[in-house]
Amino acid sequence: MQTSAPDTHTDLRDALRALCAQFPPEYHRKFGENETYPEEFVDALTREGWLAAMIPEEYGGSGLGLTEASIIMEEVNRCGGNAGHCHGQMYNMGTLLRHGSDEQKQKYLPGIASGALRLQSMAVTEPTTGTDTTKLKTTAVKKGDRYEINGQKVWISRIQHSDLMILLARTTPLDEVKKKSQGLSIFMVDLKEAIGNGMEVRPIANMPGHETNEVFFDNLEIPAENLIGTEGRGFYHILDGLNAERTLIAAECIGDGYWFVDKARAYAGDRVVFDRPIGQNQGVQFPIARSYVNVEAANLMRFEACRRFDAGLDCGAQANMAKLLASEASWEAANACIQTHGGFGFAREYDVERKFREARLYQVAPISTNLILSYVGEHILGMPRSF
């Protein structure tokens with residue numbers, strides 16, 4: 001299946017596809033059914049250097065940009081896997097790389113690049129504030145050479161398969177700052193030291209079988225040296241990670257979209273009903289074709305977001321729009337694919353139902369479609385704030 005987007009990364013894609021081919025559909029199906037973690041697959045990606053793509057060469061990484069990172073995540077999904085198991089390491093890099101001290105980079109990045117350390121978790125969302133990030137209630141109070149953390153987070157992914165976690169907490173009370181985006185700070189949390197010593201983790205069972213958790217902090221102490229960037233500027237620091245996250249999620253959705261289109265196209269050509277392939281019927285053909293058109297359009301916005309991010313330009317608008325377009329395109333393709341397969345689409349051996357459940361998540365996370373539209377309406381179109 002050809003795409004219209006210009007692609008100068010065929011070597012990168014070919015290498016990824018060769019690695020992914022070692023993990024056939026039944027491998028990913030097994031973890032989807034059992035809601036377990038594909039350790040061998042993530043280890044292979046790490047060993048081959050794919051998860052260190054954005055880490056500079058001086059720290060043992062590849063020194064590539066968000067463009068290449070997005071292609072890696074796209075190909076994992078396009079080959080039938082689920083990049084949600086490992087994408088955290090990619091977008092968490094933005095915050096550490098752009099705002100971490102030299103000492104922090106030397107301490108963490110070589111280990112992350114080699115696979116000795118995993119940075120797969122970022123704790124921002126809370127049960128009472130959701131995406132209203134500036135009103136989060138988790139606090140970090142400085143006491144001598146340490147910070148004391150109290151509060152709660154929810155929907156925090158991959159904690160059980162990570163060594164480190166980036167945490168956003170309020171260091172200055174909301175009523176003491178001029179702007180609500182001030183007074184928030186970012187910290188690096190050593191999970192092995194924290195869990196059981198002021199940090200409690202409770203898994204949340206969920207539809208796509210994605211490893212995610214609620215987290216409770218009760219007087220958790222972390223060293224002051226684990227503060228990333230400037231105290232009180234955490235909200236602005238973490239935006240780099242959030243824009244990278246939304247762009248990478250868009251790439252994953254695009255990978256899913258192409259997977260669904262290719263799966264539906266192949267089945268529609270092979271499945272014969274009433275003495276003709278069902279793909280000959282416009283009622284089957286047109287939804288698949290429409291899905292392909294929309295995935296292609298989202299793909300272009302993804303690359304524009306990557307281009308701006310890698311050039312150091314503001315990419316908030318493009319990252320958000322890419323995520324919206326790609327998540328909707330992949331969901332449309334998912335529906336077309338399962339409809340094309342009919343009853344067989346619900347059979348686990350076809351993998352459509354697994355990918356269908358995984359794709360639905362991105363209408364909601366990491367930011368809902370309606371909030372992206374609010375962002376576009378207010379910050380791009382200059383319309384009155386809607387909330």
Side-chain angles (χ1 to χ4, degrees), residues 5 7-23 38-79 81-100 104-106 108-122 157-158 161-164 166 240-255 299 302-312 315 318-319 322-323 326 366:
D7 194 346
T8 57
H9 297 90
T10 53
D11 290 344
L12 179 65
R13 291 185 186 277
D14 288 344
L16 246 300
R17 290 173 186 177
L19 185 148
C20 289
Q22 300 173 32
F23 299 88
E39 291 280 0
E40 300 90 347
F41 181 59
V42 176
D43 285 345
L45 289 171
T46 303
R47 187 172 56 251
E48 297 297 324
W50 298 116
L51 298 187
M54 296 184 72
I55 297 177
E57 293 182 18
E58 63 194 277
Y59 299 110
S62 304
L64 302 176
L66 187 63
T67 299
E68 290 79 11
S70 78
I71 291 171
I72 294 168
M73 296 293 95
E74 175 199 343
E75 287 296 334
V76 169
N77 279 30
R78 194 169 186 171
C79 293
N82 180 3
H85 292 301
C86 57
H87 60 197
Q89 195 146 298
M90 291 290 200
Y91 57 74
N92 287 331
M93 287 297 98
T95 302
L96 181 60
L97 284 172
R98 297 192 178 196
H99 304 289
Q104 288 170 334
K105 293 176 185 178
Q106 290 286 353
Y108 298 119
L109 291 178
I112 295 171
S114 70
L117 292 172
R118 283 183 181 171
L119 173 56
Q120 288 285 2
S121 288
M122 177 171 63
S157 300
R158 297 168 300 276
H161 300 92
S162 185
D163 300 295
L164 304 168
I166 286 178
D240 287 327
L242 295 179
N243 284 332
E245 176 191 41
R246 288 163 194 179
T247 305
L248 291 173
I249 293 295
E252 292 169 35
C253 290
I254 287 162
N299 199 21
R302 176 270 294 256
F303 279 120
E304 176 61 8
C306 289
R307 184 190 69 81
R308 295 183 65 88
F309 185 95
D310 289 338
C315 66
Q318 291 75 21
K323 191 269 176 183

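- Using a 4.5 Å cut-off on side-chain heavy atoms (C-beta onward), Trp50 and Leu19 make contact.
- Between Arg246 and Pro366, some side-chain heavy-atom pair lies under the 4.5 Å cut-off.
- How far NE2 of His85 is from OG of Ser157: 10.5 Å, rounded to the nearest 0.5 Å.
- Geometrically, Arg98 engages Phe309 in a cation-pi contact, judged by NZ or CZ lying under 6.0 Å from the ring centre and within 45° of the ring axis.
- Rounding to the nearest 0.5 angstrom, the gap separating the NE2 atom in His87 from the CZ atom in Arg158 is 4.0 Å.
- Residue Ile55 comes nearest to Leu109 through the heavy atom pair CD1-O, 4.0 Å, listed as atom of the first residue, atom of the second, then distance.
- Atoms CG and CD, from Leu51 and Gln120 in turn, are 6.5 Å apart once rounded to the nearest 0.5 Å.
- Contact check for Arg302 versus Ser70: side-chain heavy atoms found under the 4.5 Å cut-off.
- Between the SG atom of Cys86 and the CZ atom of Phe41 there is a distance of 6.5 Å, given to the nearest 0.5 Å.
- Residues Arg307 and Gln318 have side chains not in contact (no heavy-atom distance under 4.5 Å, counting atoms from C-beta outward).
- Residues Leu97 and Pro56 form a side-chain contact, since some pair of their non-hydrogen atoms from C-beta on lies under 4.5 Å apart.
- Nearest approach of Met90 to Leu248, heavy atoms of both residues: CB-CD1, 3.3 Å.
- Rounding to the nearest 0.5 Å places CD of Gln89 at 6.0 Å from CD1 of Ile112.
- Contact check on Glu74 versus Arg13 returns a salt bridge, with a Lys/Arg side-chain nitrogen under 4.0 Å from an Asp/Glu carboxylate oxygen.
- How far CG of Leu66 is from OG1 of Thr247: 5.5 Å, rounded to the nearest 0.5 Å.
- The shortest heavy-atom contact between Ser162 and Ser121 is OG-N, 3.8 Å.
- For Ala83 against Asn77, the heavy-atom pair with the smallest separation is N-OD1, 2.8 Å.
- The closest side-chain heavy-atom distance from Thr67 to His9 is below 4.5 Å.
- Contact annotation: the side chain of Leu164 approaches that of Tyr108 to within less than 4.5 Å [non-hydrogen atoms, C-beta and beyond].
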Verdict with supporting geometry, Leu12 and Glu75, side-chain contact (heavy atoms from CB on, under 4.5 Å) = CA-CA 10 Å; Leu12 179 65; Glu75 287 296 334; over 6 Å; no

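- The shortest heavy-atom contact between Glu39 and Arg118 is OE1-NH2, 2.9 Å.
- Ala116 approaches Asp163 most closely through the heavy-atom pair O-OD2, 3.9 Å.
- Counting heavy atoms from C-beta outward, Arg78 and Cys20 have side chains that stay 4.5 Å or more apart.
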